[in-house]
Number of protein chains: 4
Amino acid sequence: MPLKKMKRNAAASRESILKAALKEFSTVGYAGARVDNIAQAAGISKPLIYTYFGDKDAVYAAALREAYVQIRESEKQLNFENLESVEAIRSLVAFTLEHFRNNPWFIIMLNTENLRGGEAIRKIHDVEHIQSHLVRKLGEILAKGEKEGKFRAGIDPVELYVFIASVCYFPVSNVHTLRAVFAISLDDAWLDSHGKRAAEFVVRYLRPL
Amino acid sequence: MPLKKMKRNAAASRESILKAALKEFSTVGYAGARVDNIAQAAGISKPLIYTYFGDKDAVYAAALREAYVQIRESEKQLNFENLESVEAIRSLVAFTLEHFRNNPWFIIMLNTENLRGGEAIRKIHDVEHIQSHLVRKLGEILAKGEKEGKFRAGIDPVELYVFIASVCYFPVSNVHTLRAVFAISLDDAWLDSHGKRAAEFVVRYLRPL
Amino acid sequence: MPLKKMKRNAAASRESILKAALKEFSTVGYAGARVDNIAQAAGISKPLIYTYFGDKDAVYAAALREAYVQIRESEKQLNFENLESVEAIRSLVAFTLEHFRNNPWFIIMLNTENLRGGEAIRKIHDVEHIQSHLVRKLGEILAKGEKEGKFRAGIDPVELYVFIASVCYFPVSNVHTLRAVFAISLDDAWLDSHGKRAAEFVVRYLRPL
Amino acid sequence: MPLKKMKRNAAASRESILKAALKEFSTVGYAGARVDNIAQAAGISKPLIYTYFGDKDAVYAAALREAYVQIRESEKQLNFENLESVEAIRSLVAFTLEHFRNNPWFIIMLNTENLRGGEAIRKIHDVEHIQSHLVRKLGEILAKGEKEGKFRAGIDPVELYVFIASVCYFPVSNVHTLRAVFAISLDDAWLDSHGKRAAEFVVRYLRPL
DNA sequence: AATGAATGAGGGTTCATTCAT
DNA sequence: TATGAATGAACCCTCATTCAT
């Protein structure tokens, strides 16, 4: 009975800890996270966390991996099969921005891990495999567009992805400081129009000549 | 003897606390920062921090403000007076990237503050004034380029700045996670070439038609 | 082995904290009390105090309540069933004085709480119930004596209790200042004779005419 | 120019410290008092307190003495010259109650000193002299009343004073705990009527037969 | 006579972690 | 498998006191 929710079930406990941990770390960062909060949110006792994971660091590492797994899952929704190359790029940019807007917790996990110097992610050995999906798709689009003469040649998919991610990540990640520093509202409407500009930004970069 | 470290000098003590605090917060974030470390690095006793600032939160707020002040100072080096519009833009992009590469502590301060929801920066009332320099310069370049027919019309300087900042911020801020996830080295050479691509990116965005 | 000090016994730990706290607060007052001392006297670690009570204030409130509970317990020894009215009053006065002499810690708790403006006791909702025993007894004695023509009518038991408590409380509570200010020894013998005078004091007040 | 208020005046500084100290100690007790608060209230710097008094203990001792001095001053208002003996007693009781009601800070000083075991007052060598006024007056009234046949013989003035002080001190000192424990309002009106009962109490105690 | 500058020692409280069952 | 009980180490902060002028 694999779907039945039961107590005294190791797998279920582990999973609920992981979920709670991801939520905690992606809300207040590593140093701000409390093992107590995780236990309470997971509905289990604190020692169980140590039984399953060892220490706070290990819980964090597992939560970071879980973050990537969850993000990969939601990226799977992406589908360009029937789109023309330029439209596919525009769609990818829009999707990426929406993605960050809908999953700000992932941004916090990334910032947290970078604050820690990437110590944890370096030890996750299959992380490349987990995240390669999007870049592969991007490579296909680039190849197709190039063959059709719509895109320049020589564009590296990873490098392009860094640009796309940059223009989508930054205004979401830094929303509070941007709001304070610039005389712009940075509300939903602004981000909507920013998405359109960002797509244009990328498309112009790819256009031949 | 101008190099002698003064004792019983309030202004000097305050300043050394501020410097040490900025270093501490921009290394380990707010929750990870230790008042003890700040005191030790500043070469003063812990209570003095409380005498001058009140509590950890206030020290952090002062350090955040100091971060913006220092960044403004280093941005003042920027000079486009004798540059042609397109070159000015390329130069600005290059400068911005160098800026983030040379001052990673500023990135950490921004991420830290955004993790905290912008609570502190909202209370710094002159922060807009502190940071407006760069956007003003950018506006001048855009106006000049547009008049010369080199740039499209209707580009908002703040919006453009967000793009420039994005493509310069992201690969520096997220260097550790990017390194782990993608099969790229992300070393100095990569960032150098990224800078060139980024300039091209922006220039193509501005180009008419 | 019933005398063995149990470890890992929540109820016992809580109780030992309470006892130690009552002792500490009733020795040096609230501001002078040290959580450290309480922990040490209770034979447990400091954090356990916070686990069980929350903070120093809550420990104090619990100790204050415990003070009233303990006092009520020792007041239960009182028995006037077979005593004639006047003798019952004399006995009550004597008992009350002995009570304060034997439990000076209770006086300190009361003074401490009054110094704090009664903040804690106002939140103890069953305190009236805890303390009503003595006044009820006093009411019965008054009623009986009045019916027998030995006491005046119209004496309120609470008001009378305030008088009895006053003359028993004051010389015990203020023993050190009285000793210094007046040329009297204020030793045990003095307090013994004071008790007799106090009984006379009260009886004369109740006597008809 | 002895009345002129001036800075850099040792005597004036000392006095303002004393006043501020008395206020502080008689508000929050010894352990709760803060040297900082005293300095601020006195309008002088903290080190000056140490220059003039030595340490917190010494400031407290001086404040305690000052408390007695001030109380003696306000007791000097008392005048029974033209009063008949019984009326004089009633008047004295009323005065004593008013005295405690008007000077609750004195009560707190007494409780504070008794909490400390009388350590400070024992070292104030002229305290008996300071406080003897009231008891002497009481002795005169007793002698006169006894001679007139209105009072019993053999009443010791100090012992009588303890009774009077008791019934006036207790309901003022313990107002907060009494309010919580008993179903009485203990407001100004109650204290007014309590004063009348207290006078009756004492008078009946003195009455012959 | 007076004070701004500074601190050692300790205050209450929190937190990751372990023990005992 | 799971947890209630417990704690060492540290954290932020305060306070009486001293230094240097």
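Just the heavy atoms: all of them, side chains too, but no hydrogens, waters or symmetry mates, feed the values below. Naming convention: chains lettered A, B, ... in sequence-line order (proteins, then strands); numbering from 1 in each chain.
- With sequence neighbours excluded, no residue forms a side-chain hydrogen bond (donor to acceptor under 3.5 Å, both in side chains) with A/Q40.
- The ring-ring contact (aromatic ring centres under 6.0 Å, His included) check on B/F106 picks up B/Y68, with sequence neighbours excluded.
- Here the C1' atom of nucleotide E/dT7 and the CD atom of B/Q40 are 15 Å apart, to the nearest Å.
- The two residues D/L22 and D/A63 have their closest heavy-atom pair at CD1-O, 3.6 Å.
- Between the P atom of E/dA6 and the CG atom of D/D36 lies a distance of 16 Å, rounded to the nearest Å.
- Atom CD1 in C/I49 sits about 11 Å away from atom C1' in E/dG12, given to the nearest Å.
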Check step by step if side chain to side chain contact (heavy atoms under 4.5 Å, CB included) holds for A/L18 and A/V59.
-> CA-CA 7 Å; A/L18 210 48; A/V59 180; 5.8 Å; no
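- A search for salt bridge (Lys or Arg N to Asp or Glu O under 4.0 Å) contacts involving D/R116 returns D/D57, D/E119, not counting sequence neighbours.
- A/T27 meets the side-chain contact (heavy atoms from CB on, under 4.5 Å) test with A/K23; sequence neighbours excluded.
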Give the C-alpha distance, both sets of side-chain angles, the deciding distance and a yes or no for side-chain hydrogen bond (donor to acceptor under 3.5 Å, both in side chains) between C/Y60 and C/E113.
-> CA-CA 10 Å; C/Y60 166 75; C/E113 177 60 6; 2.5 Å; yes
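- Taking only side-chain nitrogens and oxygens, A/Y52 never comes nearer than 4.0 Å to OP1 or OP2 of F/dT1.
- If you find the closest nucleotide of DNA chain F to A/L48 and to C/R14, the one lying nearer the 5' end belongs to A/L48.
- Whole-Å rounding puts the D/I38 CD1 to F/dC15 P distance at 12 Å.
- Nearest nucleotide to the side chain of C/K46, out of F/dT7, E/dG12, E/dA2: E/dG12.
- Helical stems in DNA chain E, defined as runs of 3 or more consecutive Watson-Crick or G-U wobble pairs with both donor-acceptor distances under 3.5 Å, are listed by first residue as E:2-21 with F:2-21.
- The nucleotide whose nearest atom lies closest to any side-chain atom of D/S13 is, among E/dA2, E/dT13, F/dA2, E/dA2.
- With sequence neighbours left out, B/A33 forms a side-chain contact (heavy atoms from CB on, under 4.5 Å) with B/E24, B/F25, B/V28, B/K56.
- Each of B/V35 and C/A10 has a nearest nucleotide on DNA chain F; the 5'-most of these lies closest to C/A10.
- Listed by residue number, A/D55, A/K56 are the residues of residues 53-67 of chain A with a heavy-atom contact under 4.0 Å to DNA chain E.
- Proximity note for A/Y50 (side chain, C-beta onward) versus E/dT18, E/dG12, F/dC12: the nearest is E/dT18.
- A heavy-atom distance below 4.0 Å to DNA chain F is reached by none of the residues of residues 19-33 of chain A.
- Across C/V127, C/I124, C/V69, a single residue satisfies side chain to side chain contact (heavy atoms under 4.5 Å, CB included) together with C/L64, and that is C/I124.
- Listed pair B/R34 / F/dC12 meets the phosphate criterion, a side-chain N or O lying under 4.0 Å from OP1 or OP2.
- Under the side-chain contact (heavy atoms from CB on, under 4.5 Å) criterion, C/A31 pairs with D/A31, not counting sequence neighbours.
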Short heteroatom pairs, N/O only, protein and nucleotides 19-21 of chain F, under 3.5 Å:
residue, atom, partner, partner atom, Å
F/dC19, O2, B/R8, NH1, 2.6

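- In terms of the side-chain hydrogen bond (donor to acceptor under 3.5 Å, both in side chains) criterion, A/S26 has no residue partners (sequence neighbours excluded).
- Although no hydrogens or angles enter the test, the distance criterion places a donor-acceptor pair under 3.5 Å between the side chain of A/N114 and the main chain of B/T177.
- Listed by chain and number, the residues in a ring-ring contact (aromatic ring centres under 6.0 Å, His included) with C/Y50 amount to none (sequence neighbours excluded).
- C/N9 places a side-chain N or O within donor-acceptor distance of the main-chain N or O of C/A11, the cut-off being under 3.5 Å.
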